[in-house]
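Count residues from 1 along the sequence.
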Amino acid sequence: EYMAQCAAAHSGLCERARGLPIRIGFLLGSRLATFHARAFEPGQELEVAVRETWNDGELASFACTVEDSASGALLAECELSAYSPKRLADVLERQPR
């Protein structure tokens, strides 16, 4: 969830920087998820980072990491896929009623 929220924030900031409205996005899934820690500790400060690896304007892929802020230890990593349609109305019209 932390990685997905970070990817969404990144996408929104990139759209805004281009002078475009922020679009809704849908998390499609994750690949190659690796967890290097069994759990996050209560009060542990985390640093979440994403890097866009591919984007065709609607579909995008992000390389994501979660690290411990104090030690820099890698706690989790994965690649996320997301869909952000240019025209949400078109997607909604295709949905069964």
Side-chain angles (χ1 to χ4, degrees):
E1 180 65 25
Y2 293 141
M3 292 182 267
Q5 292 296 330
C6 189
H10 171 78
S11 294
L13 289 170
C14 288
E15 290 290 295
R16 200 157 101 190
R18 290 191 290 265
L20 300 171
I22 297 173
R23 294 181 283 159
I24 191 167
F26 301 95
L27 176 64
L28 298 179
S30 61
R31 294 186 46 214
L32 309 171
T34 304
F35 300 94
H36 304 283
R38 292 180 60 109
F40 301 143
E41 299 299 324
Q44 182 179 22
E45 291 188 25
L46 306 174
E47 185 170 322
V48 183
V50 299
R51 180 177 49 84
E52 187 178 88
T53 58
W54 185 82
N55 188 333
D56 75 353
E58 291 189 313
L59 293 172
S61 184
F62 302 90
C64 307
T65 59
V66 178
E67 296 179 351
D68 179 86
S69 291
S71 70
L74 181 61
L75 304 174
E77 58 188 321
C78 78
E79 184 155 333
L80 297 178
S81 299
Y83 174 57
S84 183
K86 290 182 180 175
R87 290 191 28 86
L88 181 59
D90 292 343
V91 174
L92 296 175
E93 287 174 6
R94 288 185 245 138
Q95 298 302 309
R97 296 186 190 264

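- Distance check, rounded to the nearest 0.5 Å: CD of E52 to OG of S11 gives 6.0 Å.
- A distance of 9.5 Å separates OG1 in T65 from CZ in R51, rounded to the nearest 0.5 Å.
- Summarising the geometry of Y2 relative to L46, their closest heavy-atom pair is CE1-CD1, 3.6 Å, with the distance given to 0.1 Å.
- Atom CG of L27 sits about 10.5 Å away from atom CE of M3, to the nearest 0.5 Å.
- When all heavy atoms of L88 and P85 are compared, the closest pair comes out as CD1-CG, 4.1 Å.
- With sequence neighbours left out, I22 forms a side chain to side chain contact (heavy atoms under 4.5 Å, CB included) with R16.
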Quiz prompt | Stepwise side chain to side chain contact (heavy atoms under 4.5 Å, CB included) test for L75 and H36 | solution = CA-CA 5 Å; L75 304 174; H36 304 283; 5.5 Å; no
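- In this structure, CD on E77 lies 9.5 Å from CD on E67, to the nearest 0.5 angstrom.
- Across all their heavy atoms, C78 and S30 have their closest contact at SG-CB, 4.3 Å.
- When atom types are taken as modelled, the side chain of T53 and the backbone of S61 share a donor-acceptor pair closer than 3.5 angstrom.
- E45 CD to S71 OG: the interatomic distance, rounded to the nearest 0.5 Å, is 11.5 Å.
- When hydrophobic clusters are built by joining Ile, Leu, Val, Met, Phe, Trp and Tyr residues whose side-chain heavy atoms come closer than 4.5 Å, directly or via intermediates, V48 is grouped together with F40.
- A distance of 11.0 Å separates CZ in R31 from CG in L80, rounded to the nearest 0.5 Å.
- Residues satisfying the side chain to side chain contact (heavy atoms under 4.5 Å, CB included) criterion with L59, sequence neighbours excluded, are L28, W54, D56, Y83.
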